[in-house]
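This report refers to the structure that appears directly beneath it.
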Amino acid sequence: MNSAITTICIGLVLILITSVECLSGPINIIPRPQSLEPGIGNFQLKSTTTITTDSDLLDLANQLNTILEPSTGFRLTTSTNITNKPHTNCIYLHLTHDSFDNDEAYRLQITKNLVDITAKTPAGILYGLQSLRQLLPPEIDSAKPVNNVNWEIPAVTINDSPRFKWRGLHLDVSRHMFPVSFIKQYIDIMARYKLNTFHFHLTDDQGWRIEIKRYPELTTISSNRSSTPIPSDRDRSDNTPYGGYYSQQEIKDIVAYAADRFITIIPEIEMPGHSIATLAAFPELGCIGGPYKVRTSWGVEPEVFCGGNDKTFEFLENVLDEIITLFPSKIIHIGGDECPKDRWKQCPKCQQRIRDNQLGDEHGLQSYFITRIEKYLNSKDRSIIGWDEILEGGLAPNAMVMSWRGTQGGIDAARSGHYVVMSPTSYCYFDYYQSENHATEPPAIGGLVTLEKVYSYDPVPAELSDQQKKYILGVQANLWTEYIPTPKQAQYMAYPRALALAEVAWTNPQNKSLPDFMQTLNNELKRFDILKINYRKVQK
Ligand code: ACM
Ligand code: ZN
């Protein structure tokens, strides 16, 4: 009897020890999944591992092979025969239409035998694959074969879905332009961290950057400036011409690249302000008729589109016609920020428009301008988003607001039943310094937005009611490039802050933890080294 009990006890202890020994290793995923339960043991990725997939996920199975093959040397055999659920040595991708509330949710279950990813949509499957990638050793991201790495994936069950629908990152290509290869890599890194909205700031005072077939002057004249301020001394000029634009072919290529990663590109065409580059080619669209030059200093430009001239609207509608054929996004960004009203105050046409339409003042004219463009885009089945200045003088009836000068614009818009993307300078401006010690940082526009500050942001203002909170569609960080002349520096400013933003955008507050994030980030940044992507080193 005694010896039987002893045997059972020893057996139990052995089972316990074995289980503890076989508990999977650390689970390093950014953004942190909503629910994660470590399992026992590891899945071993081998050259004989297969992929079994729904036929409409074949593209994603190919994307998985594209991730795995360069470093492992394995090209996994892919089968669409899913009549029997596979049992062993298999990565199984399949759609389950009914068991998820959220279109981007996914379940990733890894056991010793099987990696099972299920979701309601292909986007959810991609997010499952991104989590899977992060569970593999960082060397998986090597572009060349890596020997002596055990391609083990820890057993785990993850049930995950995003907190917000709009998880955005912006890039200004007007002040400085970046090669298509850089834009694609920027999009690729967004997709890794489950960001889904790329705000492409294509036009501004210092340069127009997209080919519009109807108006070739936009690329022969508006995309070129005669000089640029020197980053370390904003009052001095480099006396060097600067220019460039993306052809429509390049734009289509970028849009398709983003679509493969379930990223929507929101193009921004600035109006009524930030438009002197356009006026340089079309002076009749400005209040004083020119002459105008593409701006060569930073800051806010007083020359803006004339709101009293119907030709302005005709021109913008023609431009938008081409924009909406290039960008499938339902939402188009029309700028709306920083439009000084001095010229409108003096302009007979603008004043006439104010009188004829009983707009009251120049803020009323700004509202008229945005509402007229909104009406046009609504007639094409698109809607608009604009910076929070579009609230001034009255918000266009269906407009969404991007709150950047703090959160009040977002609060006001949500209270009046308009959708909002939060992007306040104090948490979301990645052109701001990352440290108080400017001596050790490259010149930046000013301000201070540390990694920790980004991480601490909660985009839902406490002062909103539960009903109003539903209008907070999401969060976005902005990378303005006045002080960012090179891709390397753009990466330095974007990373790792974009990873903190991704966790703000995806993970519910109760599942966030700064110490856990910092630890996971350490592991994640090894991938940036492997990918040769620049980033700001995290200070210990
Ligand atoms: C902005 O930063 N002017 C939107
Ligand atoms: Zn005018």
Thr96 side-chain N/O to Ser99 backbone N/O, donor-acceptor pair under 3.5 Å: no

Salt bridge (Lys or Arg N to Asp or Glu O under 4.0 Å) assessment of Glu392 paired with Arg405: CA-CA 13 Å; Glu392 292 164 6; Arg405 297 176 300 173; 3.2 Å; yes

Side chains of Ile187 and Arg261 in contact at under 4.5 Å (non-hydrogen atoms): yes

Phe200 and Tyr246 aromatic centres sub-6.0 Å: yes

Side-chain heavy-atom pair Met177, Tyr242 within 4.5 angstrom cut-off: yes

Distance flag, aromatic centroids of Trp480 and Phe430, threshold under 6.0 Å: no

Short N-O contact, Glu317 and Lys375, less than 4.0 angstrom: no

Residue pair Ile269 / Ile323, side-chain heavy-atom distance below 4.5 Å: yes

Any donor-acceptor N/O pair, Asn378 side chain to Arg382 backbone, under 3.5 Å: yes

Residue pair Tyr106 / Ser131, side-chain heavy-atom distance below 4.5 Å: yes

Glu524 bridged to Arg32 by N-O distance under 4.0 Å: no

Derivation of the ring-ring contact (aromatic ring centres under 6.0 Å, His included) call for His176 and Tyr483: CA-CA 9 Å; His176 287 100; Tyr483 293 83; 8.8 Å; no

Validation row: Glu270, Glu338 side chains within 4.5 angstrom (heavy atoms): no

Side chain Arg163, main chain Asn508, donor-acceptor under 3.5 Å: no

Between Gln134 and Asn28, a side-chain donor and acceptor under 3.5 Å: no

Check: Tyr495 ring centroid to Tyr535 ring centroid under 6.0 Å: no

Side chain to side chain, Phe282 and Tyr215, heavy atoms closer than 4.5 Å: yes

Lys/Arg N to Asp/Glu carboxylate O, Glu303 vs Arg343, below 4.0 Å: yes

Exam field: side chain Gln468 to backbone Gly417, donor-acceptor pair closer than 3.5 Å: no

Phe313 and its ring pair (Phe, Tyr, Trp, His ring centres under 6.0 Å) partner, picked from Tyr376, Phe369, Phe305: Phe369

Flag side-chain contact, heavy atom, 4.5 Å: Ser435 against Arg536: yes

Backbone N/O of Gly336 and side chain of Gln366: donor-acceptor pair under 3.5 Å: yes

Under the side chain to side chain contact (heavy atoms under 4.5 Å, CB included) test, residues paired with Tyr245 that sit two or more places apart: Glu211, Thr219, Ser223

Pair Tyr471 and His418, ring centroids less than 6.0 Å apart: no

Asp103 and Thr121 side chains, donor-acceptor separation under 3.5 Å: no

Donor-acceptor pair between Gln476 and His170 side chains, under 3.5 angstrom: no

Gap between atom CD1 of Ile370 and atom CD of Glu389 - 0.5 Å precision: 10.0 Å

Gap separating the CG atom of Asp516 from the CD1 atom of Ile29, nearest 0.5 angstrom: 12.5 Å

Any Val401 side-chain heavy atom under 4.5 Å of Asp412 side chain: no

Donor-acceptor side-chain pairing of Gln351 and Glu362 below 3.5 angstrom: yes

Between Tyr186 and Phe198, ring centroids under 6.0 Å: yes

Pair Asp101-Lys120, salt bridge (Lys or Arg N to Asp or Glu O under 4.0 Å): steps then yes or no: CA-CA 9 Å; Asp101 295 339; Lys120 190 168 166 181; over 6 Å; no

Test side chain to side chain donor-acceptor pair (under 3.5 Å) applied to Glu268 and Trp387, step by step: CA-CA 11 Å; Glu268 180 180 356; Trp387 301 106; 2.9 Å; yes

Atom pair CZ (Arg295) and CG (Leu279), whose distance is rounded to the nearest 0.5 Å: 12.5 Å

Test log, rule side chain to side chain donor-acceptor pair (under 3.5 Å), inputs Asp160 and Gln34: CA-CA 5 Å; Asp160 204 8; Gln34 309 295 4; 4.5 Å; no

Donor-acceptor under 3.5 Å (Asp172 side chain, Thr481 main chain): yes

Residues Asp253, Lys184: salt bridge by 4.0 Å N-O rule: yes

Exam field: side chain Ser403 to backbone Gly410, donor-acceptor pair closer than 3.5 Å: yes

Euclidean distance, Asp310 CG relative to Lys349 NZ, rounded to 0.5 Å: 10.0 Å

Whether Glu322 side chain and Arg214 backbone form a donor-acceptor pair below 3.5 Å: yes

Identify each donor-acceptor pair in which a side-chain atom of residues 446-453 lies under 3.5 Å from a protein atom, sequence neighbours left out, and give them as a table.
{"residue": "Thr450", "atom": "OG1", "partner": "Lys453", "partner atom": "N", "Å": "3.0"}
{"residue": "Lys453", "atom": "NZ", "partner": "Ser426", "partner atom": "O", "Å": "3.4"}

From CA spacing to verdict: side chain to side chain donor-acceptor pair (under 3.5 Å), Tyr193, Gln130: CA-CA 8 Å; Tyr193 303 106; Gln130 298 294 9; over 6 Å; no

Side chain to side chain contact (heavy atoms under 4.5 Å, CB included) evaluation trace for Ile251 with Ile210: CA-CA 8 Å; Ile251 293 285; Ile210 179 167; 3.9 Å; yes

Working for side chain to side chain donor-acceptor pair (under 3.5 Å), residues His274 and Glu301: CA-CA 7 Å; His274 287 280; Glu301 169 58 51; over 6 Å; no

Polar side-chain atom of Glu250 near backbone of Ser247 as donor-acceptor pair, under 3.5 Å: yes

Separation of Lys213 NZ from Thr325 OG1 (nearest 0.5 Å): 10.0 Å

Distance under 6.0 Å and angle within 45° of ring axis: Lys512 vs Tyr455: yes

Electrostatic pair Asp431:Arg175 at N-O distance under 4.0 angstrom: no

Parallel, tilted or perpendicular: ring planes of His201 versus His199, cut at 30 and 60 degrees: tilted

CA sep, side-chain torsions, deciding dist, call: Ile385, Trp166, side chain to side chain contact (heavy atoms under 4.5 Å, CB included): CA-CA 12 Å; Ile385 187 165; Trp166 183 302; 4.0 Å; yes

Salt-bridge present (Asp381, Lys330; N to O < 4.0 Å): yes

Side chain Glu374, main chain Asn398, donor-acceptor under 3.5 Å: yes

Carboxylate-amine/guanidinium contact Arg353 Asp356, below 4.0 Å: no

